[in-house]
Amino acid sequence: MFKNHIGINLTEAKLQLVEISFKDDSFYLENVDQTIHSENLNDSFPEEKLIAILQSSFDKIVKRKPINSKSISFALPNNFFKIFEVPYDDSLVKKDLHEHFRWEISILFPEGDKNNYFIQHIEIDKSTVRKEKKAIIFAVSKNLVSAIHKFCRQNTLDLKYIDNAHLASNAFLSLSRQPAKGEITLSIYIDQKFSSVSALDGILPFYFQVLNPSDQNIYDELTRAVDKLKDFGLSLTDFSRVLLFGQDLTDDFENKMKNYFGSSILVINPFERLKKEESIVNNPLYRIKFNSFAAAAGIAIRIV
């Protein structure tokens with residue numbers, strides 16, 4: 001059963017909050033807000049400093065409108081994760097498999113401590129498109145997760161989930177209908193620095209590419225990442241839909257995307273199926289910046 005839920009999209013620069021409640025047999029959007037951190041967040045900061053920055057940003061929002069939910073979840077941007085694709089042995093139990101992934105982290109990212117990560121992995125051979133025994137790894141700092149957990153405890157909030165912002169946004173893939181296996185969707189998440197492209201078979205990602213933040217032309221970088229899908233025998237005509245989420249998308253960029261992908265592209269409004277009060281409807285973040293709240297809303301509507 002759905003309980004009232006706060007979704008937080010936590011980036012280096014800002015905190016975005018979406019609160020969703022369930023009442024009168026309907027989902028209601030109770031709050032949508034954002035604030036800029038007092039200092040840019042870095043997951044290598046000491047735990048106390050991470051909590052202080054998070055608390056300061058959270059307090060600014062709650063002061064404007066108090067929260068009513070006790071459950072909270074967080075979406076984190078690509079740059080707060082180590083994201084990579086590696087072969088895996090499906091005969092290994094989960095514990096041994098994650099030890100193998102930690103070894104891979106020590107090789108790929110020798111500057112860090114391989115044991116200082118929580119690991120989530122997606123097995124791409126479960127799709128109908130790719131059959132290699134490979135997994136997409138999302139590894140997040142235990143230090144950051146611990147800081148988030150302690151922040152929740154000091155605010156008497158129940159932490160439910162922590163996920164990647166792009167994966168959290170993909171919740172809207174199945175909001176209108178559950179995509180069938182073999183139905184290929186392209187998902188594009190535009191962030192301030194570390195954008196990404198993902199391809200999914202049904203609801204299962206089988207390709208995830210973080211775009212190069214140093215490339216000044218994100219459109220060219222994005223189309224190169226999409227072009228790599230030709231390696232799996234896919235072309236633009238194979239995508240049943242293309243979902244576009246993002247921070248501060250410009251009209252020019254949206255038009256370029258629509259010209260490139262055609263009618264299959266959908267600029268996601270995460271609030272369109274939620275009921276809301278007049279005060280929310282008049283909120284400029286709701287009216288103008290709705291697309292940038294896909295990660296916060298996506299993690300807020302998560303049930304399982």
Side-chain angles (χ1 to χ4, degrees), residues 9 75 77-78 83 85 122 124 126-131 136 164-274 286-298 301:
N9 184 39
N78 289 318
I83 303 173
E85 185 180 300
I122 299 169
I124 62 173
K126 299 296 189 288
S127 73
T128 60
V129 178
R130 299 181 65 184
K131 290 305 177 186
I136 304 169
N164 173 273
H166 191 158
L167 298 183
S169 299
N170 283 340
F172 297 100
L173 175 68
S174 54
L175 198 59
S176 56
R177 61 178 178 81
Q178 188 83 352
K181 190 170 184 179
E183 183 179 349
I184 309 302
T185 301
L186 190 70
S187 170
I188 300 168
Y189 187 84
I190 303 299
D191 213 338
Q192 290 166 314
K193 288 185 180 179
F194 295 83
S195 302
S196 48
V197 175
S198 180
L200 305 96
D201 178 359
I203 60 171
L204 178 73
F206 62 85
Y207 174 80
F208 195 99
Q209 180 69 46
V210 179
L211 305 185
N212 184 353
S214 63
D215 195 311
Q216 296 303 306
N217 191 326
I218 190 172
Y219 175 78
D220 290 345
E221 175 72 2
L222 190 153
T223 52
R224 280 194 292 270
V226 173
D227 200 50
K228 291 179 183 177
L229 289 164
K230 290 179 181 176
D231 294 343
F232 314 128
L234 295 174
S235 66
L236 293 182
T237 57
D238 292 313
F239 302 125
S240 62
R241 350 176 229 186
V242 180
L243 308 184
L244 181 61
F245 319 98
Q247 297 288 335
D248 302 321
L249 296 178
T250 65
D251 290 340
D252 180 60
F253 182 78
E254 284 186 29
N255 290 332
K256 280 187 174 182
M257 290 289 94
K258 289 174 180 176
N259 289 336
Y260 182 72
F261 289 107
S263 60
S264 61
I265 195 163
L266 300 171
V267 179
I268 298 299
N269 181 343
F271 305 135
E272 65 181 354
R273 293 177 178 271
L274 301 172
Y286 168 84
R287 290 187 290 107
I288 302 167
K289 300 290 187 181
F290 55 85
N291 192 258
S292 71
F293 285 85
I301 64 170

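Worth knowing before you read on, the calculation uses all heavy atoms, side chains too, and leaves out hydrogens, waters and symmetry mates.
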- In terms of heavy-atom contacts, does NZ of Lys126 have more than 12 from other residues, nucleotides or ligands at under 6.0 Å?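 Counting neighbours around NZ of Lys126, more than 12 heavy atoms of other residues, nucleotides or ligands fall under 6.0 Å, so yes.
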- Describe, in one word, how the ring planes of Phe245 and Phe172 are oriented to each other, choosing from parallel (under 30°), tilted (30 to 60°) and perpendicular (over 60°).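 Aromatic pair Phe245/Phe172 classed tilted.
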- Classify the ring geometry between His166 and Phe208 as parallel (under 30°), tilted (30 to 60°) or perpendicular (over 60°).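 His166 vs Phe208 ring planes: tilted.
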- Task: Evaluate the side chain to side chain contact (heavy atoms under 4.5 Å, CB included) criterion for residues Leu222 and Phe253: first the C-alpha distance (whole Å), next the side-chain angles of each, then the deciding distance (0.1 Å), finally the verdict.
- Result: CA-CA 11 Å; Leu222 190 153; Phe253 182 78; 4.1 Å; yes
- Message: Counting the benzene-type ring for Trp, do Tyr286 and Phe271 have ring centres under 6.0 Å apart?
- Response: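 Yes, the ring of Tyr286 comes within the 6.0 Å limit of the ring of Phe271, centre to centre.
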Donor-acceptor under 3.5 Å ([X] side chain, [Y] main chain):
| X | Y | result |
| --- | --- | --- |
| Asn259 | Asn255 | yes |
| Glu85 | Ile136 | no |
| Lys131 | Ser127 | yes |
| Arg130 | Ile124 | no |

Would you say [X] and [Y] make side-chain contact, with heavy atoms under 4.5 Å?
| X | Y | result |
| --- | --- | --- |
| Ile122 | Leu167 | yes |
| Lys228 | Val197 | no |
| Val242 | Leu236 | no |
| Leu173 | Arg241 | yes |
| Tyr189 | Gln247 | yes |
| Ile265 | Tyr260 | no |
| Ile218 | Ser195 | yes |
| Tyr207 | Leu234 | no |

- side chain to side chain contact (heavy atoms under 4.5 Å, CB included) partner of Leu244, chosen from Ile190, Ile268, Leu186, Leu266: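 Going through the options one by one, the only one that passes is Ile190.
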- Between atom CE of Met257 and atom CG of Asp252, what is the distance when rounded to the nearest 0.5 Å?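 Met257 atom CE to Asp252 atom CG measures 10.0 Å (nearest 0.5 Å).
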- CG/Asp201 to CD1/Ile184 distance, rounded to the nearest 0.5 angstrom?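 Answer rounded to 0.5 Å: 4.0 Å.
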